[in-house]
Amino acid sequence: MLIQIPRGTYDVMPEDSGVWQKIEEVARETCALFNYKEIRTPIFESTDLFQRGVGDTTDIVQKEMYNFTDRGERRLTLRPEGTASVVRAFVEHKLYGDPQQPVKLYYIGPMFRYERPQSGRNRQFTQFGAEALGSKDPAIDAEMIALALTFYRKLGLKKLKLVLNSLGDPESRKAHRDALINHFKPSIGEFCSDCQERLEKNPLRILDCKKDHGHPLMATAPSIIDYLTDEARDYFEQVKLTLDAIGITYELDPTLVRGLDYYNHTTFEIMGATGSAISTLAGGGRYNGLVSELGGPETAGVGFALSIERLLIALESEGITLQTGNQLDCYLAAIGAEAEKKAAVLLHQLRQNGIRADKDYLGRKVKGQFKAADREQAAYVLVIGDEELANGQANVKNMTDGSQERVAFDEVSTYLKNKINH
RNA sequence: GCGGUUAUGGUGAAGUGGUUAACACACCGGAUUGUGGUUCCGGCAUGCGUGGGUUCGAUCCCCACUAACCGCCCCA
């Protein structure tokens with residue numbers, strides 16, 4: 001039996017890789033615009049990093065990690081997300097001592113979670129994320145959001161919705177958590193089994209439940225907003241004011257909870273238009289305790305991550321086709337053995353002059369060579385036969401309008417360079 | 001981890017318990033002895049996800065497995 005690709009993974013085939021390259025290019029462009037520098041960290045890390053960073057009680061750590069032991073008995077994990085690694089590197093390389101503060105970083109790369117695959121959910125998926133470490137200015141929370149939105153808009157997405165919430169500082173969170181437990185506990189028997197479990201583990205999640213969302217206690221549940229300390233409330237106000245000032249609209253959702261333990265204060269999600277149930281394109285927020293949790297000095301941090309796979313779904317459902325520009329400039333069609341030799345030489349010359357060129361290697365007839373040129377969307381076809389060899393000129397055909405011209409072999413490169421703009 | 005649907009060539013898909021598994025697109029060749037995107041003609045699955053079983057015989061019936069898709073949970 002044929003060996004198949006592992007479950008939940010996929011190949012990006014040549015016909016699609018141009019789109020991926022384009023997306024990555026726009027991501028890098030956007031980061032340059034916002035002055036974020038790339039960081040590349042390993043694809044696997046110590047299991048401990050994620051247990052401590054992401055949080056031991058999260059679903060990610062409890063059931064979705066790809067863990068393995070290497071030959072040296074080290075406990076390692078394929079990274080399920082990017083922030084923990086970035087913070088680890090930040091601490092390990094003592095970037096908190098860098099004169100350039102805050103430290104603004106981005107990454108693009110594969111992440112791994114053991115999950116049941118479905119639309120927009122894979123076991124290996126690709127995240128583009130950014131992190132700003134070392135500043136607790138609410139304006140940088142807004143910058144993070146602006147970066148993600150700018151990236152999406154550059155790609156042409158229009159149907160975007162920003163959802164915003166604040167989880168407050170640890171003090172606020174604790175007060176709210178206690179309030180939730182008190183609110184639901186007396187009648188928890190009326191809720192689904194999942195919610196009963198959530199009561200002690202993570203009462204916030206009860207508010208997310210789809211089964212019980214009609215229960216009267218849902219509407220009257222205490223909102224985190226009411227439990228924010230003055231300081232946390234003021235911080236959140238500043239974030240909103242900054243967003244208002246730069247014209248970014250948002251929707252407040254006090255039930256917006258993120259799945260990773262490290263979040264506090266601002267959390268946000270960007271939703272997009274997708275055909276199916278999953279519409280969260282990006283998620284992020286502030287994680288002020290994480291750096292010290294991982295052994296660094298008390299350092300503030302904000303970040304987001306977005307999935308390229310989900311972005312592709314959103315692009316498709318908005319009917320956007322990215323321009324990739326992988327077309328060939330020139331295809332050489334040769335007739336006869338002598339012409340074949342000449343074509344090989346010309347081909348090399350064209351390429352050295354920066355012209356994307358190719359020729360036939362299957363001994364096809366002229367017609368077949370033209371078909372091949374057509375498939376490659378070649379802008380020009382250079383025909384070389386006995387006649388051309390005799391007078392030292394190639395027959396250059398413009399494939400768009402069908403016109404043909406004779407051009408001396410020596411001038412072909414210059415001729416084509418003038419016609420092609422890239 | 002749970003539930004539903006599905007699995008035939010490069011692609012989309014029809015089909016039957018029994019000699020050659022429709023059709024369309026794509027591809028290859030020819031008509032057009034040196035010119036693509038139009039037209040016409042021809043070629044193109046010893047094979048119907050994998051492994052078992054029932055049967056004289058299975059792509060079609062039964063079981064298991066695997067995978068994909070959709071939903072739940074959760075998330076990007």
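The sequence lines fix the lettering, A, B, ..., with proteins before strands; numbering per chain opens at 1.
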Notebook entry, point to check: Do A:Q377 and B:G37 have a side chain to base donor-acceptor pair shorter than 3.5 Å?
Noted result: no
Check: If you check the A:V383 side chain, which of B:G1, B:G37, B:U35 turns out closest?
Finding: B:U35
Next item on the list: Find which nucleotide of RNA chain B each of A:F370 and A:R364 is nearest to by heavy atoms, and output the residue with the more 5' nucleotide.
Entry: A:R364
Check: Can you tell me how far C1' in B:A26 sits from the matching atom in B:A13, rounded to whole Å?
Finding: 14 Å
Notebook entry, point to check: Does a nitrogen or oxygen in the side chain of A:K367 sit under 4.0 Å from OP1 or OP2 of B:G36?
Noted result: yes
Item checked: B:G37 base / A:R375 side chain donor-acceptor hit below 3.5 Å -> no
Margin query: Checking contacts here: which listed nucleotide (B:A67, B:C75, B:U35) is nearest the side-chain heavy atoms of A:R7?
Written below: B:A67
Next item on the list: Please state the C1' separation for the pair B:A58 and B:G1 - nearest whole angstrom.
Entry: 36 Å
Check: Looking at side-chain heavy atoms only, is the closest gap between A:N288 and A:Y262 below 4.5 Å?
Finding: no
Note to self: With a cut-off of less than 4.0 Å, is there a side-chain N or O of A:Q118 near OP1 or OP2 of B:C69?
What the structure shows: no
Check: What about A:R310, does its side chain sit under 3.5 Å from the base of B:C75 through a donor-acceptor pair?
Finding: yes
Next item on the list: Respond yes when some side-chain nitrogen or oxygen of A:R113 is under 4.0 Å from OP1 or OP2 of B:C74, and no when none is.
Entry: no
Check: Applying a 3.5 Å limit to both distances, which nucleotide forms a Watson-Crick or G-U wobble pair with B:C61?
Finding: B:G53
Checklist line | Flag for A:Q124-A:T9: side-chain donor and acceptor within less than 3.5 Å | finding: no
Check: Quick one: is A:S119 getting a side-chain N or O under 4.0 Å of the B:C70 phosphate, OP1 or OP2?
Finding: yes
Note to self: Between B:C65 and B:A7, how many Å separate the two C1' atoms, rounded to a whole number?
What the structure shows: 13 Å
Margin query: Strictly below 4.0 Å, N to O, side chains only: are A:K174 and A:D178 in salt-bridge contact?
Written below: yes
Item checked: Parallel, tilted or perpendicular: ring planes of A:Y235 versus A:H265, cut at 30 and 60 degrees -> tilted
